[in-house]
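As a basis for the values below, the full set of heavy atoms in this structure was taken, side chains included, without hydrogen atoms, waters or symmetry mates. Everything quoted here is computed from the prediction, not taken from an experiment.
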Amino acid sequence: MLNELIGEGTIVEKGYAVSTGGRRPLMYSLKPDLMYIVSVAMDQLVTRIALLDVHNNYIGEVQSIDLPLAGNSNALHDLGQHLKEFLKQAKVAKNSIIGVGIGMPGFVDVVKGVNHSFLKVEDGTSIISYLESVIKLPVLIDNDSSLVALAEHKLGTAKDRQNVMVLSIGWGIGLGMVLDGALFRGHNGFAGEFSHIPIFMNNKMCSCGKSGCLETETSLVVVAERAVKGLQEGRVSMLQGLSLDDMEATSNAIMEAALKGDRFAIELFSETAYNIGRGVATLIHLLNPELIVLSGRGSLAGKLWMAPIQQAINEHCIPKIAEDTEIRISTFGYQAEIIGAAALVMEHYDTLSLAKSKMAGDHQVV
């Protein structure tokens, strides 16, 4: 069978594996350019579109688009047009693309293909059916935090682990849960709304409409707001000219300054990390995970998160419950959602292949 697949150009030899005793075994893998995946990573402000091969190598540049979701009735239409243009400019044949995987924030119903928070469809159809009608390729959607966890569990820091909490640090604090070796979604697929644990008595309004949520003291938006306010009050820092009009550039500048040792920037992350740690202490008490992975956009700040989070765990956790829980920084960082969206497509390869055949008018199952 392997020889036949090699002859077809489907599989290639990868050389010899390390011997475990006896003759060294040969390794094989799918040919990288056998097929491709369009991967879309969305957050509340920025959408990234990438083309990947089956080895998760990027083909061409990742396209980054300013696409705010909150209160934007044109967001779905704009997404469709950006995807259409991206496919037109792609340097691979469209029939070699398996499908499109999309990670997005909000309450995502993966069965019905709708998002109850953003990207509303006016005529009652689903996000999936709308986009498929625009780009003529099969589409899958999922919650962004779930896809970050999928990436970490299948290919990243949480690989081969059984009970893991994956925190996606960004404009909110997402949570993907791996329990007993499988992604846990809850009854309706809405499990993991870590951002909205009511943990503070700060009378701050959260994006969910409640007050005092974890997000109100821990998101990168809060870090940016505190940075701008501190500079206005005369704090000494290498940070200059920050603006809340460009949240992405501002958060990146603060992370860069902190990694260079800027005292004010480090203080901002330390305070935020401690508050995240208070929430993590609750997770440890409830779920007793073996590993907590810090992933997503904010994880680029690296080890700056570690000590304050551990301090909060030391203060708020029962030592016996927390003693075997490890905290690690993702090796994927900001790329985790893109990799997760690609993994989502590969996990549904058979279904998408059938859907693609039907779109092409070929109803024969091969």
Side-chain angles (χ1 to χ4, degrees), residues 43-44 105 143-146 148-149 152 156-158 163-178 191-202 204 206-208 210-227 247 250-252 254-255 258-259 264-318 321-322 325-334 336-337:
D43 62 31
Q44 290 94 327
N143 174 264
D144 53 352
S145 298
S146 293
V148 169
E152 299 291 354
T157 305
N163 296 287
V164 184
M165 305 290 105
V166 181
L167 301 188
S168 182
I169 303 172
W171 311 129
I173 308 294
L175 172 66
M177 295 180 283
V178 177
E193 287 300 322
F194 184 59
S195 263
H196 304 298
I197 296 175
I199 200 170
F200 301 106
M201 300 297 291
N202 58 11
K204 288 184 180 180
C206 179
S207 61
C208 71
K210 307 295 184 181
S211 63
C213 296
L214 183 73
E215 181 179 306
T216 63
E217 297 288 352
T218 59
S219 73
L220 292 183
V221 172
V222 172
V223 173
E225 290 172 346
R226 287 175 176 162
M247 198 64 72
T250 294
S251 64
N252 288 341
I254 299 167
M255 278 190 277
L259 290 170
F264 176 49
I266 291 171
E267 284 179 14
L268 292 169
F269 279 109
S270 294
E271 182 179 1
T272 300
Y274 179 83
N275 286 328
I276 290 174
R278 290 179 61 184
V280 167
T282 300
L283 292 179
I284 292 173
H285 281 152
L286 289 174
L287 298 166
N288 186 215
E290 61 185 292
L291 175 66
I292 292 170
V293 179
L294 306 181
S295 190
R297 178 192 293 273
S299 67
L300 298 177
K303 63 183 181 180
L304 293 175
W305 297 108
M306 300 291 282
I309 288 177
Q310 188 61 58
Q311 179 185 351
I313 291 171
N314 293 342
E315 291 183 13
H316 298 286
C317 263
I318 297 170
I321 299 176
T325 299
E326 182 184 3
I327 303 174
R328 294 179 63 185
I329 303 293
S330 168
T331 56
F332 288 152
Y334 191 30
E337 189 181 346

Is there a donor-acceptor contact under 3.5 Å linking the side chains of Ser211 and Asn202? no
I'd like to check Asn163 versus Leu291 (side-chain heavy atoms, cut-off strictly below 4.5 Å). Are they in contact? no
Who passes side-chain hydrogen bond (donor to acceptor under 3.5 Å, both in side chains) against Glu225, sequence neighbours left out? none
Donor-acceptor side-chain pairing of Asn314 and Gln310 below 3.5 angstrom: yes
NZ/Lys210: more than 12 non-hydrogen atoms of other groups inside 6.0 Å: no
Which atom of Ile276 lies closest to which atom of Phe194, heavy atoms considered: O-CZ, 4.3 Å
By side-chain hydrogen bond (donor to acceptor under 3.5 Å, both in side chains) - contacts of Arg328 (at least two apart): none
Taking every heavy atom of Gly333 against every heavy atom of Ser299, the minimum-distance pair comes out as CA-OG, 3.3 Å
Report the C-alpha separation of Cys213 and Cys208 in whole Å, then their side-chain angles, then the decisive distance to 0.1 Å, and conclude whether the side-chain contact (heavy atoms from CB on, under 4.5 Å) test is met. CA-CA 9 Å; Cys213 296; Cys208 71; 3.7 Å; yes
I'd like to check Val293 versus Ser330 (side-chain heavy atoms, cut-off strictly below 4.5 Å). Are they in contact? yes
Applying side chain to side chain donor-acceptor pair (under 3.5 Å) as the test, list every pair that has at least one member in residues 276-289; sequence neighbours left out. none
Shortest non-hydrogen contact from Ala224 toward Thr250: CB-CG2, 3.8 Å
Looking only at side-chain N and O atoms, does Thr325 offer a donor or acceptor that is under 3.5 Å from a partner on Glu290? no
Between Ala273 and Pro308 the two heavy atoms that sit nearest each other are CB-CB, 3.6 Å
Non-hydrogen atoms of Ala336 and Ser295 that approach each other most closely: CB-OG, 3.4 Å
